[in-house]
*Asks:* 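Got a structure for you, written out below as structure tokens; questions coming shortly.
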Amino acid sequence: MVHFVGAGPGATDLITVRGAKLLQQADTVIYAGSLVNPELLQLCRSECRVYDSARLTLEEVLQIMADAEKQGHLTVRLHTGDPSVYGAIREQMDALDQMGIAYSVTPGVSSFCGAAAAAKAEYTLPGVSQTVILTRMEGRTPVPERERLKELASHGASMAIFLSAGMLDAVQAELLKGAYTDTTPAAIVYKATWPDERVLRCTVGTLAETGRRHSIRKTALVLVGDFLSGGYERSRLYAPEFTTAFRKGTEQE
Ligand code: SAH
């Protein structure tokens, strides 16, 4: 059986308990070496076969899975963060379906959660934004026209931009075509939860310049939105007057 496992954003203790157990049991591990923290592989047994998928094509990955399955191996396919976000797991799952190989998915802590933790921020502040947009700039992978950054930026919602740290000039220009202004708060979070994590606070107007000054080109998320600044309203859920399923408030219903 093949287990797709989210490795978490970087820190080795941010993999789930289930994910760690699967790594400990694995006979074969295929890990996304470009981003997964290699220290996680220390959980594997010494006889476990380990492959770095950064050097492999989809076909080669599938061949390793098929060979492992023939030997009755437990295979872990280790993806960075959560596998459902830019993980390219659908094409692997569809191929496994065709080959009749069973699989499961174990979620992980996505880097957009790791980045919020690093910045000590909350994406969904009452009176500021109740929406988080996870997206990317168009690169070699196309983005549908209606999802172009400038279109999404028209909402002024909280945003986490993946896979775009090498295109910060374009990111900045697109964001400014939407509801954000030069002074909208932004942050570049480099290697969230890794030992060399950096949180570079800036504004949309200084985004590209900040990236240049700190030589950020990859392994970073761009966070944008007023959630990174001061003002917000108190949550209704914890307001004394607010009645919930678990607590009677002081307000007449
Ligand atoms: N599945 C992953 C995303 C893979 S796409 C997840 O859930 O996080 C790879 C992109 O994720 C990188 O280009 C970068 O934008 C972001 N990323 C991954 N790990 C990161 C980290 N520790 N800190 C900041 N950004 C990270």
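Atoms within a ligand are numbered from 1 in the order they appear, just like the ligands themselves. All figures in this text were calculated on a predicted structure; none of them were measured in a lab.
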*Asks:* Would you say ligand 1 has an N or O under 3.5 Å from any N or O of Val85?
*Replies:* yes
*Asks:* For atom 8 (O) of ligand 1, state which one of Ser111, Ala88, Ala11, Ala32 supplies the nearest heavy atom.
*Replies:* Ser111
*Asks:* Measure the distance from atom 11 (O) of ligand 1 to every protein heavy atom, then report the residue, atom name and distance (to 0.1 Å) of the closest one.
*Replies:* Phe162 CD2, 3.4 Å
*Asks:* Is it the case that the side chain of Ser164 and the backbone of Met137 share a donor-acceptor pair, with hydrogens and angles ignored and the cut-off at 3.5 Å?
*Replies:* yes
*Asks:* Check each atom of ligand 1 against the heavy atoms of Tyr86 and keep those under 4.0 Å away; list them by number with element.
*Replies:* 4 (C), 5 (S)
*Asks:* How does Ser84 reach ligand 1, if at all, at less than 4.0 Å between non-hydrogen atoms: by side chain, backbone, both, or neither?
*Replies:* neither
*Asks:* Under 4.0 Å from ligand 1, counting heavy atoms only, is it the side chain of Val189, its backbone, both or neither?
*Replies:* backbone
*Asks:* Show which atoms of ligand 1 fall inside a sub-4.0 Å distance from at least one heavy-atom site of Asp82.
*Replies:* 1 (N), 6 (C), 7 (O)
*Asks:* Among protein heavy atoms, which sits nearest to atom 15 (O) of ligand 1, and what does the distance come to when rounded to 0.1 Å?
*Replies:* Ala220 O, 2.8 Å
*Asks:* Counting from 1, what ligand 1 atoms have a heavy atom of Trp194 closer than 4.0 Å?
*Replies:* 22 (N)
*Asks:* Using a 4.0 Å heavy-atom cut-off, say whether Phe112 meets ligand 1 through its side chain, its backbone, both or neither.
*Replies:* neither
*Asks:* Could you list the atoms of ligand 1 found under 4.0 angstrom from a heavy atom of Leu35?
*Replies:* 9 (C)
*Asks:* Give me the residue, atom name and distance of the protein heavy atom closest to atom 2 (C) of ligand 1.
*Replies:* Thr80 O, 3.3 Å
*Asks:* Quick check: are there more than 12 heavy atoms from other residues, nucleotides or ligands sitting under 6.0 Å from NZ of Lys177?
*Replies:* yes
*Asks:* Going by ring-ring contact (aromatic ring centres under 6.0 Å, His included), name the pairs with one or both residues in residues 130-172, residues two or more places apart or in two chains.
*Replies:* Tyr86-Phe162
*Asks:* With nothing but distance in play, are any N or O atoms of Pro9 less than 3.5 Å from an N or O of ligand 1?
*Replies:* yes
*Asks:* Is the count of non-hydrogen atoms from other residues, nucleotides or ligands lying under 6.0 Å from Arg247 atom CZ greater than 12?
*Replies:* yes
